[in-house]
Amino acid sequence: MVGTNNLAISVKFYDELLQTIGLNKVEEYEREIGYAPSSRIVEFWVCTPYNKKPATIGNGSMVAFKVENIEIVDLFHSTALRLGAKNEGNPGARPQNGDTYYAYCRDLDGNKLCAYSFLKK
């Protein structure tokens with residue numbers, strides 16, 4: 001779950017971004033939106049805070065999505081940037097010769113997101 005200060009704008013961002021990793025909007029309420037794969041069991045929520053205070057980002061907090069392959073990592077990252085996200089780390093193996101491929105960005109509210117996949121060796 002991530003918080004937002006503008007659910008209408010965030011939902012446009014996440015509707016398109018999460019399709020790149022196979023999640024679609026399946027639940028929609030006044031203050032929250034749920035995304036799920038074809039199983040329709042919600043795996044990710046975007047919401048306005050229930051205490052009605054501004055949504056803020058956590059220092060050291062990140063939502064990471066494990067995806068099937070590096071092409072999806074690349075698509076997730078490029079789509080996020082096209083939709084207005086801030087780049088927090090270009091796609092690539094980490095550590096440099098590691099066996100996992102990552103890409104990082106911050107959504108429109110500053111929440112840190114990651115898509116990653118294991119490299120086939």
Side-chain angles (χ1 to χ4, degrees):
M1 178 179 280
V2 295
T4 182
N5 291 304
N6 189 323
L7 191 59
I9 290 174
S10 287
V11 85
K12 289 179 186 177
F13 174 84
Y14 280 108
D15 279 356
E16 187 169 346
L17 179 63
L18 294 178
Q19 283 181 358
T20 67
I21 61 171
L23 298 178
N24 296 293
K25 181 172 37 181
V26 296
E27 293 192 32
E28 189 168 358
Y29 305 99
E30 182 181 339
R31 298 176 55 192
E32 60 191 11
I33 306 294
Y35 294 87
S38 58
S39 68
R40 299 192 59 82
I41 298 171
V42 174
E43 292 185 3
F44 183 77
W45 291 94
V46 178
C47 71
T48 58
Y50 284 93
N51 65 4
K52 299 190 177 161
K53 293 183 180 180
T56 59
I57 58 174
N59 184 25
S61 298
M62 177 177 69
V63 175
F65 298 99
K66 182 180 179 288
V67 300
E68 292 181 30
N69 56 56
I70 65 172
E71 291 80 14
I72 296 173
V73 173
D74 290 344
L75 179 61
F76 178 91
H77 189 256
S78 65
T79 300
L81 298 183
R82 181 177 52 76
L83 294 171
K86 179 184 172 196
N87 186 7
E88 283 286 316
N90 288 324
R94 290 181 182 69
Q96 187 173 357
N97 294 320
D99 65 351
T100 309
Y101 189 86
Y102 298 91
Y104 302 92
C105 65
R106 290 200 181 264
D107 74 5
L108 306 178
D109 287 285
N111 297 297
K112 191 169 185 180
L113 307 173
C114 170
Y116 72 98
S117 183
F118 296 108
L119 295 167
K120 296 175 182 161
K121 295 203 177 204

Would you say [X] and [Y] make side-chain contact, with heavy atoms under 4.5 Å?
X	Y	result
Trp45	Glu27	yes
Val11	Glu28	no
Met62	Glu88	no
Leu23	Phe65	yes
Val2	Val63	yes
Asn87	His77	yes
Ile70	Leu119	yes

Legend entry - side-chain hydrogen bond (donor to acceptor under 3.5 Å, both in side chains) partners of residues 55-74, not counting sequence neighbours, each pair once: Asp74-Tyr101
Could you state the interatomic distance from [atom1] ([X]) to [atom2] ([Y]), rounded to the nearest 0.5 Å?
X	Y	atom1	atom2	result
Leu17	Phe44	CG	CZ	8.5 Å
Phe13	Arg82	CZ	CZ	10.0 Å
Thr100	Arg94	OG1	CZ	10.5 Å
Asn5	Asp109	CG	CG	5.5 Å
Ile21	Ile72	CD1	CD1	9.0 Å

Legend entry - More than 12 heavy atoms of other groups within 6.0 Å of Leu81 CG: yes
Heavy-atom closest pair, residues [X] and [Y]:
X	Y	result
Arg106	Ile57	NH1-CD1, 3.9 Å
Ala93	Gln96	CB-O, 3.6 Å
Asn111	Gly3	ND2-O, 3.0 Å

Legend entry - Cluster check Leu75, Tyr116: I/L/V/M/F/W/Y, side chain < 4.5 angstrom: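 Leu75 does not cluster with Tyr116.
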Inset, instruction - Give a yes or no on whether Tyr35 and Ile41 share a hydrophobic cluster (residues Ile, Leu, Val, Met, Phe, Trp, Tyr; joining criterion: side-chain heavy atoms under 4.5 Å apart). - result: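 They do not share one cluster, since no chain of ILVMFWY contacts under 4.5 Å joins Tyr35 to Ile41.
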Inset, instruction - Give me the one residue out of Leu83, Ile33, Leu113, Leu108 that meets side-chain contact (heavy atoms from CB on, under 4.5 Å) with Tyr14. - result: Leu113
Inset, instruction - On the 0 to 90° scale, with breaks at 30° and 60°, tag the Tyr104-Tyr102 ring pair as parallel, tilted or perpendicular. - result: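 Ring orientation of Tyr104 relative to Tyr102: parallel.
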Legend entry - Donor-acceptor contact below 3.5 Å, side chain Asn51 vs main chain Lys53: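 Yes, Asn51 side chain to Lys53 backbone: donor-acceptor pair under 3.5 Å.
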Legend entry - Whether Thr79 side chain and Phe76 backbone form a donor-acceptor pair below 3.5 Å: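 Between the backbone of Phe76 and the side chain of Thr79 there is no qualifying donor-acceptor contact (under 3.5 Å).
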